[in-house]
Amino acid sequence: MSPTGKIALVTGAGRGIGKAVALKLAAGGATVIVNSLSRPNIDAAVAEIVASGGQADGMAADVSSPADVLEMFGKIISRYGRIDILVNNAGITKDQLLLRMTDEDWDEVIDTDLKSVFLCTREAFKYMVKERKGRVINISSVVGLIGNAGQSNYAAAKAGIIGFTRAASREVASRGINVNAVAPGFIETDMTSRLTEKQKQELLSRIPAGCLGTPEDVAEVVAFLASDASRYITGQVITVDGGMTGA
Ligand code: NAP
């Protein structure tokens with residue numbers, strides 16, 4: 001199961017789910033490249049990993065920017081020579097009812113949440129195909145499966161990730177590269193801290209487990225998909241949602 005010695009890139013790892021994933025992979029022995037936008041968040045995540053005995057390297061880059069992604073992969077390859085695990089986690093929301101949604105609200109979410117997955121996976125594949133092994137884990141959302149009013153941009157991006165995962169997995173399965181998606185339900189992070197108490201109560205009534213998930217709940221599944229134990233699993237979407245979509 002252990003990712004010892006593996007080189008892993010986690011996008012959006014400065015906070016929330018990405019940071020929990022970075023900590024989990026580093027605890028298993030991977031060298032983790034912590035990507036995010038904000039330098040202070042990157043530095044804090046790297047410091048936390050190092051303080052717990054792990055290995056980490058911070059790289060600031062906007063993963064919706066083709067130039068930034070190229071530069072980041074250039075650095076990774078020049079420093080480490082390869083990439084074994086890619087976790088496409090960076091994401092934002094810009095919620096608005098469709099009638100009021102601006103072009104900018106749409107483009108920003110599609111570029112950050114979906115185009116970034118294409119840009120980073122395309123780069124990672126170049127090296128994984130040569131190595132004839134690799135793991136790509138894309139963070140989708142239950143919103144991409146069941147939708148949510150006010151989130152048509154986010155739902156489209158997260159559903160797009162699922163289609164992308166299924167198509168990409170077919171292209172590289174014979175090369176020892178697995179591409180899977182994880183679809184979290186409602187997880188306690190900055191992204192969900194904006195919910196009002198009323199919205200939280202309404203949500204809880206739809207979650208059979210009766211509580212929100214934690215970033216660590218998601219990190220456990222990502223770590224499994226990043227490991228050798230998931231050898232025969234590809235093109236799948238695994239929900240981590242306390243039973244929300246299964247009920
Ligand atoms: P979060 O706490 O808001 O953290 C998002 C992270 O992404 C931050 O580190 C942020 O960087 C980074 N980021 C944003 N835009 C970026 C960009 N253009 N380039 C690089 N990094 C960028 O979010 P979260 O709740 O942990 O969510 C993580 C992922 O899980 C997202 O894809 C989200 O859609 C998905 N998800 C979350 C939930 C949930 O309930 N929380 C549920 C389902 C799916 P800075 O720290 O520098 O700002």
Side-chain angles (χ1 to χ4, degrees), residues 9-24 32-46 48 56 58-73 86-95 107-120 123 137-148 151 153-162 164-165 181-195 199-200 203-204 206-207 209 211-219 221-222 237-242 244-245:
L9 166 64
V10 184
T11 70
R15 294 183 274 134
I17 294 170
K19 185 174 170 183
V21 168
L23 279 159
K24 179 82 190 164
V32 179
I33 292 129
V34 173
N35 156 264
S36 217
L37 286 175
S38 133
R39 247 303 149 191
N41 287 349
I42 293 173
D43 291 345
V46 168
E48 201 172 323
M59 287 192 196
D62 174 353
V63 288
S64 69
S65 152
D68 274 24
V69 169
L70 267 185
E71 195 185 329
M72 177 169 65
F73 274 84
L86 166 64
V87 183
N88 284 308
N89 164 81
I92 56 165
T93 50
K94 292 263 161 181
D95 298 352
D107 288 343
E108 227 183 298
V109 169
I110 297 296
D111 286 353
T112 305
D113 295 19
L114 180 59
K115 189 178 179 188
S116 64
V117 176
F118 155 66
L119 292 173
C120 290
E123 287 314 300
I137 299 109
N138 300 321
I139 307 300
S140 175
S141 167
V142 292
V143 171
L145 294 169
I146 60 174
N148 196 20
Q151 290 198 308
N153 49 359
Y154 185 73
K158 294 299 181 179
I161 286 179
I162 292 171
F164 176 88
T165 300
V182 175
F186 285 86
I187 309 296
E188 283 184 70
T189 68
D190 291 347
M191 194 176 265
T192 45
S193 66
R194 288 173 232 134
L195 295 172
Q199 284 172 317
K200 265 195 188 159
L203 258 176
L204 283 173
R206 289 159 46 201
I207 303 172
C211 59
L212 266 63
T214 66
E216 291 71 27
D217 290 326
V218 181
V221 179
V222 174
V237 185
I238 301 183
T239 53
V240 181
D241 68 353
M244 192 179 171
T245 52

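We count ligands from 1, going down the list as the structure has it; atoms in each ligand are counted the same way.
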Quiz item: Counting heavy atoms only, which of Ser141, Gly18, Gly185 is nearest atom 42 (C) of ligand 1?
Solution: Gly185
Exercise. Select one of side chain, backbone, both or neither to describe which atoms of Thr112 lie under 4.0 Å from any atom of ligand 1, heavy atoms only.
Key: side chain
Quiz prompt | For atom 36 (N) of ligand 1, the protein heavy atom that lies nearest, with its residue and separation | solution = Tyr154 OH, 3.5 Å
Self-check item: Heavy-atom pair with the smallest gap, counting every atom of Gly18 and Val10
Solution: O-CG1, 3.6 Å
Exercise. Provide the number and element of each atom of ligand 1 under 4.0 Å from a heavy atom of Phe186.
Key: 40 (O)
Exercise. Kindly say whether Asp95 contributes a backbone atom to a donor-acceptor pair with the side chain of Thr93 at under 3.5 angstrom?
Key: no
Quiz prompt | Distance-minimising heavy-atom pair for Pro215 and Ile187 | solution = N-CG2, 3.4 Å
Exercise. Could you walk me through whether Glu123 and Met72 pass side-chain contact (heavy atoms from CB on, under 4.5 Å), step by step?
Key: CA-CA 10 Å; Glu123 287 314 300; Met72 177 169 65; over 6 Å; no
Quiz item: In terms of atom number and element, which parts of ligand 1 are under 4.0 angstrom from non-hydrogen atoms of Thr189?
Solution: 2 (O), 24 (P), 25 (O), 26 (O), 41 (N)
Quiz item: To the nearest 0.1 Å, how far is atom 20 (C) of ligand 1 from its closest protein heavy atom, and which atom is that?
Solution: Ala61 O, 3.3 Å
Practice problem: Report the distance from atom OH of Tyr154 to atom CG of Asn148, rounding to the nearest 0.5 Å. | Solution: 9.5 Å
Practice problem: Answer with yes or no whether Glu188 contacts ligand 1, where contact means a heavy atom under 4.0 Å from a ligand atom. | Solution: no
Quiz prompt | Asp62, Asn89, Ile17: member with heavy atom nearest to atom 29 (C) of ligand 1 | solution = Asn89
Practice problem: Check Asn88 against Cys120 and note the closest heavy-atom contact, atom names and distance. | Solution: OD1-CB, 3.3 Å
Practice problem: Specify side chain, backbone, both or neither for Asp113, according to which of its non-hydrogen atoms lie closer than 4.0 Å to ligand 1. | Solution: neither
Quiz prompt | Sub-4.0 Å heavy-atom approach of Ala60 to ligand 1 | solution = no
Exercise. Around atom 12 (C) of ligand 1, find the nearest protein heavy atom and jot down its residue, atom name and distance.
Key: Gly12 CA, 3.5 Å
Practice problem: Would you confirm whether Thr11, through its side chain, and Ala90, through its main-chain N or O, come within 3.5 Å as a donor-acceptor pair? | Solution: yes
Practice problem: Check ligand 1 against Asn41 and write out every atom of the ligand that is under 4.0 Å from a heavy-atom position of the residue. | Solution: 45 (P), 46 (O)
Exercise. Check whether any heavy atom of Ser116 sits under 4.0 Å from an atom of ligand 1.
Key: no
Quiz item: Can you name the nearest heavy-atom pair linking Leu145 to Ala183, along with the distance?
Solution: CD1-CB, 4.2 Å
Quiz item: Non-hydrogen atoms of Ile139 versus ligand 1: any pair closer than 4.0 Å?
Solution: yes
Quiz item: Looking at atom 40 (O) of ligand 1, what's its closest protein heavy atom, distance included?
Solution: Ile187 N, 2.8 Å
Self-check item: Lys24 atom NZ, neighbour heavy-atom count above 12 within 6.0 Å
Solution: no
Quiz item: Which pair of non-hydrogen atoms, one from Ile139 and one from Lys158, has the smallest distance, and what is that distance?
Solution: O-NZ, 2.9 Å
Practice problem: Measure the distance from atom 48 (O) of ligand 1 to every protein heavy atom, then report the residue, atom name and distance (to 0.1 Å) of the closest one. | Solution: Arg15 NH2, 2.8 Å
Quiz item: Which heavy-atom pair separates Asp241 from Ile207 by the least distance, and what is that distance?
Solution: O-CG2, 3.8 Å
Quiz item: Looking at ligand 1, does Ile92 have a heavy atom less than 4.0 Å from it?
Solution: yes
Quiz item: How far is atom 5 (C) of ligand 1 from its nearest protein heavy atom, and which residue and atom is that?
Solution: Gly91 O, 3.9 Å
Quiz item: Can you tell me which residue and heavy atom of the protein come closest to atom 13 (N) of ligand 1, and the distance to 0.1 Å?
Solution: Ala90 CB, 4.0 Å
Quiz item: Gly14 heavy atoms, cut-off 4.0 Å: which ligand 1 atoms fall inside?
Solution: 9 (O)
Quiz prompt | Part of Val63 within contact of ligand 1 (heavy atoms, under 4.0 Å) | solution = both
Quiz item: Can you list the ligand 1 atoms lying under 4.0 Å from a non-hydrogen atom of Pro184?
Solution: 42 (C), 43 (C), 44 (C)
Quiz item: Looking only at side chains, do Ser36 and Asn41 share a donor and an acceptor under 3.5 Å apart?
Solution: no
Self-check item: From Ala22, Ser140, Ala20 - option closest to atom 44 (C) of ligand 1 by heavy atom
Solution: Ser140
Practice problem: Around atom 11 (O) of ligand 1, find the nearest protein heavy atom and jot down its residue, atom name and distance. | Solution: Ser36 OG, 2.9 Å
Exercise. Quick one: look at Asn35 and ligand 1, take heavy-atom pairs under 4.0 Å, and tell me if it's side chain, backbone, both or neither.
Key: side chain
Quiz item: Side chain, backbone, both or neither: which part of Leu37 has a heavy atom under 4.0 Å from ligand 1?
Solution: both
Practice problem: Verify side-chain contact (heavy atoms from CB on, under 4.5 Å) between Asn35 and Ile42, making sure each step is shown before the conclusion. | Solution: CA-CA 7 Å; Asn35 156 264; Ile42 293 173; 5.8 Å; no
Quiz item: Picking from Ile137, Val222, Ile17, Leu9, what satisfies side chain to side chain contact (heavy atoms under 4.5 Å, CB included) with Asn89?
Solution: Ile17
Quiz prompt | Contact partition for Ala183 relative to ligand 1, non-hydrogen atoms under 4.0 Å | solution = neither
Exercise. Decide side-chain contact (heavy atoms from CB on, under 4.5 Å) for Leu212 and Leu204; before the verdict, give the C-alpha distance in whole Å, the side-chain angles of both, and the deciding distance to 0.1 Å.
Key: CA-CA 7 Å; Leu212 266 63; Leu204 283 173; 3.6 Å; yes
Quiz item: Just checking, is any N or O donor in the side chain of Thr214 or Asp217 under 3.5 Å from an acceptor N or O on the other one?
Solution: yes
